[in-house]
S.K.: 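Got a structure for you, questions after.
Order of listing sets the numbers, starting from 1, for every ligand and every atom in it.
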Amino acid sequence: MKEPYLYTPGPTPLPDEVRQRLARPIIHHRSPEFATVLRRVHKNLQQIFETRQPVLVLTCSGSGAGEAGIVNLFSPGDTCLYTGGGKFAARWGQIMRAYGIRAVEIAVQPGRAPRVEDLAESLRQHPEAASVWLVHSETSTGVLADIQSLSEYIHAHSNALVCVDGVSSLCAHPCPMDSWGIDLLFAGSQKGFMAPPGLAFIALSDRAWQRAESASLPKFYFDLHAAREAWLSGTTPWTPAITTVCALDTALTMLLEEGLAAVHRRHARHSAALRAGLLALGLETFGAPPSHALTAVRLPSAGECFLRELRDRHQIVTAGGQGELKDVLFRIGHLGWYNEKDMLRVIKAIECSLIACGLPLRSGSGDQAMQKVYDAMVP
Ligand SMILES: *Cc1c(COP(=O)(O)O)cnc(C)c1O
């Protein structure tokens with residue numbers, strides 16, 4: 001059988017170089033050889049997070065890093081605000097509640113980005129807020145938040161820590177932790193980093209590290225002080241996902257050879273081109289402003305037939321809608337290792353699937369519309 005083509009916003013496809021690295025013999029995590037790899041990974045992650053702080057590598061998925069942030073920064077009874085409007089935003093509220101934190105949702109309509117005005121009212125009502133949790137790229141709706149403005153506002157009007165879920169934004173969008181005043185930033189290996197699932201990355205500002213001194217929630221495996229101690233000596237407190245760290249090493253080297261700005265531009269081009277292609281076919285995208293990590297699209301009528309065609313005939317794996325958007329959307333990932341040819345393949349498959357299901361096309365030239373955008377935007 002032919003291998004499926006992944007167009008999901010995590011996991012994302014792996015470059016051949018990364019797959020080859022995965023096939024090498026395993027090395028020991030307390031060896032000088034692994035310390036060299038991990039030190040290089042640490043240094044390269046700092047470049048992608050654009051921070052001078054340690055970026056700690058945890059063996060868990062992105063949600064684990066969020067939970068690690070929560071248990072290391074807060075105490076039971078603390079109030080934390082978090083933006084609504086998406087499944088990932090809601091997850092941070094759920095984890096906080098599980099730990100006895102007063103989690104207060106800032107209402108945001110799904111498909112819209114949180115605005116400063118949305119935050120302002122909640123911050124006025126909760127001057128005691130210990131933190132505000134923001135999702136940079138909300139993967140359930142494909143919407144991008146303006147972290148820079150939100151962070152600036154929060155710092156100007158409160159003492160709350162600015163905590164950012166960068167799981168699907170890092171590598172797709174600039175998210176300079178230090179210059180944007182982000183106090184907690186985390187991401188995961190299976191998203192923009194072109195590596196398999198299994199690792200999460202987390203960094204804390206000086207203020208956040210200070211706050212961590214007095215946080216009383218219980219923690220052991222995810223004690224970030226222990227992780228920071230180990231970081232200083234190029235190691236980890238526990239056995240890490242060694243093979244995934246090695247694969248990540250190759251992927252990070254590739255990303256930085258391409259250059260961070262070029263990587264961001266590549267994602268911007270795929271996003272703009274795909275939207276133009278979908279529009280040409282008569283499909284409607286969802287949410288604004290769009291994240292460059294993925295495109296959320298309103299499911300056409302005969303949605304079941306359409307998705308079956310895409311999956312079974314064209315081996316194109318997309319992501320469905322989540323929660324209340326389950327039968328409303330499908331989501332096309334272009335986060336990570338995609339080139340123009342990959343993106344033209346997906347638009348052609350969408351066109352063929354629409355035709356096969358007897359759905360009307362606005363024009364049969366989605367690929368030409370994409371090509372125009374590619375030609376107009378320099379790589
Ligand atoms: C994928 C993702 C997560 C974390 O999910 P895991 O399955 O735990 O890796 C968190 N936030 C966003 C925005 C994501 O896209």
S.K.: Which residue and non-hydrogen atom of the protein lie closest to atom 6 (P) of ligand 1, and at what distance in Å?
M.R.: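 Nearest protein contact, heavy atoms only, for atom 6 (P) of ligand 1 is S61 OG, 3.4 Å.
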S.K.: So among S205, S131, C163, which one has a side-chain contact (heavy atoms from CB on, under 4.5 Å) with L184?
M.R.: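 Of all the options given, the one that passes is C163.
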S.K.: Indicate, as side chain, backbone, both or neither, the part of E138 found under 4.0 angstrom from ligand 1 when only non-hydrogen atoms are considered.
M.R.: neither
S.K.: Look only at interatomic distance and state if W92 has a nitrogen or oxygen under 3.5 Å from any nitrogen or oxygen of ligand 1.
M.R.: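 In fact, backbone or side chain, W92 has no N or O that close.
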S.K.: Which protein non-hydrogen atom lies closest to atom 10 (C) of ligand 1, naming both residue and atom, and how far is it?
M.R.: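 Closest protein heavy atom to atom 10 (C) of ligand 1: F88 CD2, 3.3 Å.
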S.K.: Looking at CG of L232 and CZ of R39, how far apart are the two atoms once the value is rounded to the nearest 0.5 Å?
M.R.: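 Answer for the CG-CZ pair, L232 versus R39, is 9.5 Å.
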S.K.: To the nearest 0.5 Å, what is the distance between OG (S75) and CD1 (I101)?
M.R.: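 So the OG of S75 and the CD1 of I101 are separated by 8.0 Å.
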S.K.: When you measure from the centre of the six-membered ring of Y5, is the NZ or CZ of K348 under 6.0 Å away and within 45° of the axis?
M.R.: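 Output no; distance or angle outside limits.
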S.K.: Which atoms of ligand 1 have any heavy atom of T139 under 4.0 Å away?
M.R.: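 Counting atoms of ligand 1 from 1, those under 4.0 Å from T139 are 12 (C), 13 (C), 14 (C), 15 (O).
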S.K.: Could you report the tightest heavy-atom contact between G188 and F201, atom names first, then the distance?
M.R.: C-CE1, 3.9 Å
S.K.: Do E17 side-chain atoms and A251 backbone N/O form a donor-acceptor pair below 3.5 Å?
M.R.: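 Pair absent, no side-chain N/O of E17 close to backbone of A251.
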S.K.: T250 and side chain to side chain donor-acceptor pair (under 3.5 Å): which partner among R21, R24, Q20?
M.R.: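 For T250, the side chain to side chain donor-acceptor pair (under 3.5 Å) test succeeds with only one of R21, R24, Q20, which is R21.
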S.K.: Consider ligand 1: state whether an atom of it lies below 4.0 angstrom from any non-hydrogen atom of R91.
M.R.: yes
S.K.: To check your reading of the model: name the closest protein heavy atom to atom 1 (C) of ligand 1, its residue, and the distance in Å.
M.R.: K191 NZ, 1.5 Å
S.K.: Would you mind telling me if ligand 1 is within reach of the side chain of S137, the backbone, both or neither, using heavy atoms under 4.0 Å?
M.R.: backbone
S.K.: Donor-acceptor pair, R331 side chain versus A296 backbone, under 3.5 Å?
M.R.: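 No, the answer is negative, given that no donor and acceptor are paired below the 3.5 Å cut-off.
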S.K.: Check whether any heavy atom of G188 sits under 4.0 Å from an atom of ligand 1.
M.R.: no
S.K.: Any N or O of V167 that comes nearer than 3.5 Å to an N or O of ligand 1?
M.R.: no
S.K.: Pull out every atom of ligand 1 sitting under 4.0 Å from any heavy atom of S63, numbered as shown with elements.
M.R.: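 Answer, ordered by atom number: 4 (C), 5 (O), 6 (P), 8 (O).
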S.K.: Specify the protein heavy atom at minimum distance from atom 11 (N) of ligand 1: its residue, its atom name, and the distance to 0.1 Å.
M.R.: D165 OD2, 2.6 Å
